[in-house]
Amino acid sequence: MKITILAVGKVKEKFYVQAIAEYAKRLSRYCRLEIIEVADEKTPDGAGEGAVKKIKEREGERLLAHVKDGMYLIALAIDGKEQSSQELAGRISGLALRGESHLAFVIGGSLGLSDQVLAEARERWSFSRLTFPHQLMRVILLEQIYRGFRIINGEPYHK
């Protein structure tokens, strides 16, 4: 299976970079992992609704430029479906059994994802109703994918 993470912005903090590298290493036993970062747009203070929409559209176009045929696109969105780690593992396993061999997870920037990206996604997942920094969300996503593969393979994991 191949997993692609499409994300807006660069990870700058060393501790996030290290955590991402650690989970990428752990995941190499289970899948091929690719992380694609696209440039984020600067959001001016007090940006109005129109400016916010334009920023999300520009970032969305950059993300969608990396979407390829055969990718099963999953958007991470606050209004997405919440699930337990076991349910997430079951979903990944179920998609693989259905022949979906390339899962692509999309993480938006600080303003979220554009309507166009959300429309292209086959599913929307939420990890919480809380808002997380998009850099931290990469770590959380990778950890949960890793945990999911451990569950799928009947390997021990911390509950």
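Nothing here was measured: the structure is a model prediction, and the numbers come from that model.
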Identify each donor-acceptor pair in which a side-chain atom of residues 138-146 lies under 3.5 Å from a protein atom, sequence neighbours left out, and give them as a table.
{"unit_1": "R138", "atom_1": "NH1", "unit_2": "E37", "atom_2": "OE2", "d": "2.7"}
{"unit_1": "R138", "atom_1": "NH2", "unit_2": "V8", "atom_2": "O", "d": "3.1"}
{"unit_1": "R138", "atom_1": "NH2", "unit_2": "G9", "atom_2": "O", "d": "2.5"}
{"unit_1": "E143", "atom_1": "OE2", "unit_2": "R147", "atom_2": "NE", "d": "2.9"}
{"unit_1": "E143", "atom_1": "OE2", "unit_2": "R147", "atom_2": "NH2", "d": "2.8"}
{"unit_1": "Q144", "atom_1": "OE1", "unit_2": "S85", "atom_2": "OG", "d": "2.7"}

Salt bridge present between R91 and E123 (N-O < 4.0 angstrom): yes
Salt bridge flag under 4.0 Å for residues K2 and E34: yes
A39 backbone acceptor or donor facing R62 side chain under 3.5 Å: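 At least one qualifying donor-acceptor pair exists.
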Beyond-backbone contact of [X] with [Y], side-chain heavy atoms, under 4.5 angstrom:
X	Y	answer
L63	I36	no
M1	F149	yes
I35	L33	yes

Nearest-0.5 Å distance, [atom1] of residue [X] to [atom2] of residue [Y]:
X	Y	atom1	atom2	answer
F15	I20	CZ	CD1	10.5 Å
Q83	F127	CD	CZ	7.0 Å
H102	K68	NE2	NZ	8.0 Å

Stepwise side-chain contact (heavy atoms from CB on, under 4.5 Å) check, I151 with L88: CA-CA 10 Å; I151 293 168; L88 183 145; over 6 Å; no
Under the salt bridge (charged side-chain N to carboxylate O under 4.0 Å, His left out) test, residues paired with E22 that sit two or more places apart: K25, R26
For residues 128-135, run the donor-acceptor check on the side chains, cut-off 3.5 Å, and write out each pair with its distance to 0.1 Å, sequence neighbours left out.
{"unit_1": "S128", "atom_1": "OG", "unit_2": "L130", "atom_2": "N", "d": "2.9"}
{"unit_1": "Q135", "atom_1": "NE2", "unit_2": "K10", "atom_2": "O", "d": "3.4"}

side-chain hydrogen bond (donor to acceptor under 3.5 Å, both in side chains) against D69, all qualifying residues, sequence neighbours excluded: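 Partners of D69 under the side-chain hydrogen bond (donor to acceptor under 3.5 Å, both in side chains) test: none.
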Steps toward side-chain contact (heavy atoms from CB on, under 4.5 Å) verdict (T4, L103): CA-CA 6 Å; T4 298; L103 304 184; over 6 Å; no
Step-by-step side-chain contact (heavy atoms from CB on, under 4.5 Å) determination, L76 to M137: CA-CA 9 Å; L76 301 190; M137 196 60 233; 4.1 Å; yes
Under 3.5 Å donor-acceptor pairs involving side-chain atoms of residues 47-61, not counting sequence neighbours:
{"unit_1": "R58", "atom_1": "NH1", "unit_2": "E41", "atom_2": "OE1", "d": "3.0"}
{"unit_1": "E59", "atom_1": "OE2", "unit_2": "E41", "atom_2": "N", "d": "2.9"}

What heavy-atom pair brings [X] and [Y] nearest, and what distance separates the two atoms?
X	Y	result
G70	E100	O-OE1, 4.5 Å
A89	G148	CB-O, 3.5 Å
A75	A121	CB-CB, 3.7 Å

Shared hydrophobic cluster for V11 and L6 (ILVMFWY, side-chain gaps under 4.5 Å):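 No, separate clusters.
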In a table with atom names and distances, give each donor-acceptor pair under 3.5 Å that connects a side chain of residues 105-119 to protein atoms at least two apart or in another chain.
{"unit_1": "S114", "atom_1": "OG", "unit_2": "V117", "atom_2": "N", "d": "3.2"}

Intermediate values then yes/no, side-chain contact (heavy atoms from CB on, under 4.5 Å), I3 and L27: CA-CA 10 Å; I3 303 279; L27 278 165; over 6 Å; no
Flag for Y23-Q18: side-chain donor and acceptor within less than 3.5 Å: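 No, because no side-chain N or O of Q18 sits under 3.5 Å from a partner of the opposite role on Y23.
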